[in-house]
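Encoded as structure tokens, the structure appears first; notes follow it.
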Amino acid sequence: MENLENFRKDTKAWLEENCPPEMRKPMGPGDVVWGGRDCKFPHPDAKLWLERMGEKGWTCPTWPKEYGGGGLSFDENKILQEELMAVRARPALSSFGIWMLGPALLEFASEEQKKKYIPDIVKGKIRWCQGYSEPGSGSDLASLKTKAEDKGDHFLVNGQKVWTSYADDCDMIFTLVRTGPLEPKHDGISFLLIDMDQPGVTTKPIKLISGKSPFCETFFDDAVVPKENLISDLNKGWDVAKRLLQHERNMIAGMGLGGGSSSKKKKDQPVSSGMATMAKTYAGEENGKLADPALRQKIASFDINSHAFSLTLKRASEESKLSNSGPSPASSMFKYYGSESNKLRYELMLEAMGTKALGWEGEGFGPAELAITREWLRTKANSIEGGTSEVQLNIIAKRVLDLPQ
Amino acid sequence: MENLENFRKDTKAWLEENCPPEMRKPMGPGDVVWGGRDCKFPHPDAKLWLERMGEKGWTCPTWPKEYGGGGLSFDENKILQEELMAVRARPALSSFGIWMLGPALLEFASEEQKKKYIPDIVKGKIRWCQGYSEPGSGSDLASLKTKAEDKGDHFLVNGQKVWTSYADDCDMIFTLVRTGPLEPKHDGISFLLIDMDQPGVTTKPIKLISGKSPFCETFFDDAVVPKENLISDLNKGWDVAKRLLQHERNMIAGMGLGGGSSSKKKKDQPVSSGMATMAKTYAGEENGKLADPALRQKIASFDINSHAFSLTLKRASEESKLSNSGPSPASSMFKYYGSESNKLRYELMLEAMGTKALGWEGEGFGPAELAITREWLRTKANSIEGGTSEVQLNIIAKRVLDLPQ
Amino acid sequence: MSLILNEEQIFLKDSAKKFAAEKTPTKHFREIRDSEISNCYDEKVWSEMVSLGWTGILVPEEYGGSNFGVAGISSILEELGRTLTPSPLFSTAVVGVSLIKHANEEIKKEILSKVVQTGLKLSFAIEESNRHAPLNISCLAEKAGEDYIIKGEKSFVLDGGFADKFIVATRTSKNPGDKTGISLFIIDSDSKGLEVTPTKMVDSRNAANIKFNEVKVHSSRMIGDEGQGFEVIESVLDISRAAISAEMLGGALEAYEITIDYLKEREQFGSKIGSFQALQHRAAIMFSELELCKSCVVESITSFDEGGNDSERLASLAKAKVGEVFHLISNESVQMHGGVGVTDEYDIGLYLKRARVAEQIFGNSDYHKNRYAELTGY
Amino acid sequence: MSLILNEEQIFLKDSAKKFAAEKTPTKHFREIRDSEISNCYDEKVWSEMVSLGWTGILVPEEYGGSNFGVAGISSILEELGRTLTPSPLFSTAVVGVSLIKHANEEIKKEILSKVVQTGLKLSFAIEESNRHAPLNISCLAEKAGEDYIIKGEKSFVLDGGFADKFIVATRTSKNPGDKTGISLFIIDSDSKGLEVTPTKMVDSRNAANIKFNEVKVHSSRMIGDEGQGFEVIESVLDISRAAISAEMLGGALEAYEITIDYLKEREQFGSKIGSFQALQHRAAIMFSELELCKSCVVESITSFDEGGNDSERLASLAKAKVGEVFHLISNESVQMHGGVGVTDEYDIGLYLKRARVAEQIFGNSDYHKNRYAELTGY
């Protein structure tokens, strides 16, 4: 404990000295630092901040020091996060390398590969995107067809990926490719890192119903990939994929939590419901009650479920701490419920706002109103991306309920 | 048309003379005449009425005269029904023989069989029950196991049927039995008529969650059945069964129609909703509105759907008249929606009545209240009997939507 | 009430189906949407609709129309709804014409004949808040000699961005919420003081916000009697609700059929996804709900022409039911399409957008459930 | 608020689970139901509960109780709810004891010790209409010297048919609907003028209708101050709502588990019916909803013991949510059982019946949604 107190003191002091004033201001949407070879910094201080944090490995605080990580313990990291919060420091780096690839490399890559790739992730030198889904393989990811042909010292990759976020701005892509037979489909898949700075790789943005999106299609046309870019064994990529998908599911499940849930009652403070407050603005109130009784009932149902859901996430985390277990198949329930709940949240907002929620662009609507409309459309993808709701229900039935197949 | 007017005149006169006064009074629950060898008549006039109607064949007005039916045309029968209604005549006979077996015999039986069985159905001499389902075969009716062994001039039947209505009061049972192999399961089924007045046939009433019921289990233990009791060809009973099931489905679909639907607006009459009127009694009203806004909204939804559903039945019948087609696979939709709607009707009544709907028997509740509670429980079987809702949805998906299997 | 269309109505429906297939498939909607035309309708297509006589379907023969009735125009709208055909047909030929029919002889002669012959475009300015509330009218019309001076604002004015004439619901007496004291005026779109701000909706249609900066209108341009506008409004709204329900039914049917086709075609895990029982049951439920919608719509649209005395209630019933089902179908359709369902490339998302806008036109489902309950006496 | 039970609570839950398995499986419930005992509880089982100390769990140690808290007794009720154990435990040890705890020292000493030691049975007479309305009290208590004379009627008095003592909510001033003017009295079941009519409910439990024909009660038998009863009532009701939610959760979990087992075992069309995807998805949704219920219940029952300041809202949340889910599960369970599900022979229908009665105890789901919204300020 004494050590931890020292760590807190040191951290405080370091941040005081090294976190630039500009980096303590609230972030705008354009202020995210994604790293990469051609990294664009919104401000010179952002560059400084990334360099300093990267140097200490604090962009990835708990990763091993030998690969450039911070090497912090669980408790130390908790302190670091608290102190970062205390000075309202912006994240120095946002990166799919940190969120997705890094943990997979730490678990599955060779020593040489770890040395080569992880430090660059920590420092934000390379911007990564993920290439799993293909036009023909949505829920049935393992039916993927992008092919990597063995050409002696390299693979020749041909095929197409979809839903590759920010692919048009990325340096490298981590992909699942087929190196073996189509059947049994899980056995012929490999996990490959591909440099996108070559003529054989091209990207095309995907327009969504909500408008522009960070998603792209990525095409491989005789893309050349050195053999040493294979992670784990040949044809063993599905193990890596499963781990990554589970991780992704947990991330997305969290989305069901924001906004609409009624806040916890604080001593002597009135309780409130974000959704209801908003609804009152648009639908009016009578004697303190939301004027539209049908809408009021729906919001109460939503708030109750939303509260129950976040409570369940909390309970699951308390229980898993207690039993020291990793993510359970019940994470499918969180993915399912969280994304369905988020869709419902926006449907209710639309209902509350009436015609004010029907704008696309231009005059007549406030920016917040237009943003809600776009986000409403965006939420329709929540129950599809990272495994559809149907797939989650299948998983629950199979793995949790143990129903016959 | 002149003939029809004559027919109306004659019918009117005949009814005037032959329908006994007692038979023009409203019926109580014990007043149904089921016929049979030991037929119990609630009143001597009921016997007279059955004899007279049976003599004319008007218990089965459209069946051929040669088998004792009335031999009436579609239009003549319409007139007969109108005139029966006009004098408020009670049905002379209620019978599964009329509703189910008769039409099947007319379509599938031999000339000899028709002569033997149909006149007795018309006159109510034999009381029939149906024996399809077995404990092991619910939705999967064709997997039935009750076995009829060929013993030369007769079959020996062993096995068990469930859901045989009124079996303990019936004379004969029409059954599906296995006379061939278990696989392919549809090919080894025969349609057999079994006399229940023999030691090899016993029955046991089934108690439901709603209390006593007309349903029984019926056991066959070396029951003897003469060969001539086989209807249609050996192992061809499934064709008969399919026709009977379709018929049953249509009958049950109609149940979604009663009670709760709001009545049609008549000129200068206020419109009304039976459910809402009842709800007002129990939940109160404020300024003419049902006091509980959540309940009010639910009842409005129910009334709207209920109206739309009966309208759809009507539209389907208009359309089928137009195209001169028989019952379509869409009858599954009526069975599905009708039974689900009826369940919902009773759930809403329960909700409206609050604790008044929670009685089982004895003091503290009105007879109508107790009846609603029992009927609420009884409706739970609506979406199971005559093909579950799940089976109906399967049929719609397959036959109407033509989705891949 | 007939639940089956008559020959005339079937003919109109078939013509519209053919028209939509040839002239306005969803590609047509996309082209307009992605063009610089902010009006979201195509002049050429509009002219063709006019020359087919569609703008005159509710117009009595003496003014050059065919008087084919609400069921006629609604059947057309149902087919056009299938391909999301953008046009001022609903605003002009249903809402506008129905309003003008309550005006005096002179106005009818003038305006109805132009609607029939030249496709004069009408638009109804009624809403003032973010939800349908036909009684809550505070837009003021003050008498000044032979004129009225209109002050106030209107929003969600359908097709208001390019209308030739507006019919405006104003208050000439009493307070917002009162059934009397509402008067209707016809205003030219180039009137002085009229400030029209077109808005671009999520379904890429056009609606407008309108400001009346002391717009002067002659008292002869009033529809019906002063203060008696509400009765006209309610009867026109009911016709319009029935007609828009038909359009929504068309959209829902098309979205459903596109999805059923997709279920038959898309493979996952080595099978067509339409063979998965969970999707089959959801599809079968959609089928059932649509059957109910068809019945409600046909009953509602024929009730006006057959002089039924329950049209208000049937209109609310249809709008409530179809609104809910289009909502369900549009959500289910996108979900069943999976990833491609949320891309702009596929049509299915367009129905999702249209469903939500149409849902709000002249009262959403909850509004009409409430109204249905009121009209039924509870 | 802890979302995990502590060791003590887990111990109580485990004991109750064992008790229910050994002494009160559903067979026990059936035996009582089908016997001539109209009371619907078994004296011997009740004695055993008393000797296990369950009636004293909410009783402070000074009166012989264990003070193990709301979470403790609720955990027991959850397990007893699984086997539909009929007993006066809820009425006595939760509702009754919580009410008596607000009485004066003398009463507490007298009654609480008897509850703990001899299983004295208490029952709360509050409802007067067919739906929960704790403010609508018109049962009158008029002062007459040292006594009060009670006139009026009560209904749906849980376990009222065999209670030893009633706690009655009466009006001593003001009008029905007023928060003040309500007073609570303790009445012996053999009081003169007390007319108890037991009613037999659909779940085979006992409730009673009670008539007070000028029942005389001494003023010393009042709980708390005159006219201040409502605050006591609300706080006791919230504890009771949380506890009954736990019982309902137990019933829902058991019905769900019975059904999942049935899905794994029953064959149709040559496959286990649990392999049909449509049923799998519905089962997975039931699982998800039950996970949410578990969280609500544990939060609500621990909030009282941990001195949370949001207990009212959490109690309404739990009752609303669990009520809805038990409703869903009981319907789905019967349907998934098919034909046997509607026979009396199978247990599953018993849960359907219990679900509807429990739903109505101290406010159904809509009542609590409404209350939740009010407490949240909308």
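Values reported hereafter were calculated over all heavy atoms of this structure, with side chains retained and with hydrogens, waters and symmetry mates removed. In the text below, chain A, chain B and the rest are named by the order of the sequence lines, each starting its count at 1.
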Mark yes when over 12 heavy atoms from residues, nucleotides or ligands other than Lys264(D) sit less than 6.0 Å from its NZ; otherwise mark no.
-> yes
Between the side chain of Gln268(D) and the main-chain N/O of Gly136(B), is any donor-acceptor distance below 3.5 Å?
-> yes
Looking only at Lys369(D), His327(D), His337(D), His132(D), the option with the highest number of non-hydrogen pairs under 4.5 Å against chain B is His327(D)
Select one option (side chain, backbone, both, neither) describing which atoms of Phe269(D) are under 4.5 Å from chain B's heavy atoms.
-> both
Would you say the side-chain atoms of Asn331(D) and Lys343(B) include a donor-acceptor pair closer than 3.5 Å?
-> no
Select one option (side chain, backbone, both, neither) describing which atoms of Phe215(B) are under 4.5 Å from chain D's heavy atoms.
-> neither
Side chain, backbone, both or neither: which part of Ser213(B) has a non-hydrogen atom closer than 4.5 Å to chain D?
-> neither
Sorted by chain and number, sequence neighbours left out, salt bridge (Lys or Arg N to Asp or Glu O under 4.0 Å) with Glu369(B) holds for none
If you tally heavy-atom pairs under 4.5 Å against chain B, which of Lys353(D), Gln360(D), Arg266(D), Arg356(D) wins?
-> Arg356(D)
Return the minimal non-hydrogen interatomic distance between Leu352(D) and Ile209(B), and the atom names on each side.
-> CD2-CD1, 3.9 Å
For residues Arg131(D) and Asp292(B), report the shortest heavy-atom separation together with the two atoms involved.
-> NH2-OD2, 4.3 Å
Measure distances from Glu347(B) to the heavy atoms of chain D and classify the residue's part below 4.5 Å as side chain, backbone, both or neither.
-> side chain
Once you round to the nearest 0.5 Å, how far does CD of Glu390(B) lie from CG of Leu279(D)?
-> 6.0 Å
Applying a strict 4.5 Å limit to non-hydrogen atoms, the region of Ile273(D) in contact with chain B is neither
Determine whether Glu351(B) and Asp366(D) make a side-chain contact, defined as any pair of heavy atoms from C-beta on separated by less than 4.5 Å.
-> yes
For Ser204(D), is it the side chain, the backbone, both or neither that has a heavy atom under 4.5 Å from a heavy atom of chain B?
-> neither
The interface call for Lys298(B) against chain D, heavy-atom contacts under 4.5 Å, is side chain
Heavy atoms only, distances under 4.5 angstrom: which of Ser143(B), Ala283(B), Gly364(B) has the most pairs with chain D? Name it, please.
-> Ala283(B)
Taking all heavy atoms of Phe365(B) and all of Met201(D), pick out the closest pair and write down the distance.
-> CZ-SD, 3.8 Å
Distance in Å, Glu359(D) CD paired with Thr355(B) OG1, rounded so as to fall on 0.5 Å steps = 13.0 Å
Kindly indicate whether the side chain of Leu358(B), heavy atoms from C-beta on, has any atom under 4.5 Å from the side chain of Phe156(D).
-> yes
With a 4.5 angstrom heavy-atom cut-off, could you sort out which part of Thr373(B) is near chain D: side chain, backbone, both or neither?
-> side chain
Going by distance alone, is a donor N or O of one side chain under 3.5 Å from an acceptor N or O of the other, for Ser383(B) and Gln335(D)?
-> yes
Inter- and intrachain pairs under side chain to side chain donor-acceptor pair (under 3.5 Å), touching residues 270-281 of chain D, at least two apart = Asn394(A)-Gln277(D), Asn394(A)-His281(D), Glu267(D)-Lys272(D)
Contact check, side chains of Val202(D) and Glu361(B), non-hydrogen atoms, under 4.5 Å | no
Heavy-atom distance under 4.5 Å to chain D: side chain of Ala352(B), backbone, both or neither?
-> backbone
When heavy-atom pairs shorter than 4.5 Å are enumerated against chain D, which of Leu377(B), Leu393(B), Thr388(B) gives the highest number?
-> Leu377(B)
Proximity breakdown for Thr197(D) and chain B, heavy-atom pairs closer than 4.5 Å = side chain
Once you round to the nearest 0.5 Å, how far does CG of Asp344(D) lie from NZ of Lys212(B)?
-> 12.5 Å
Using non-hydrogen atoms and a 4.5 Å limit, figure out which bit of Arg282(D) sits close to chain B: side chain, backbone, both or neither.
-> side chain
Select one option (side chain, backbone, both, neither) describing which atoms of Pro293(B) are under 4.5 Å from chain D's heavy atoms.
-> neither
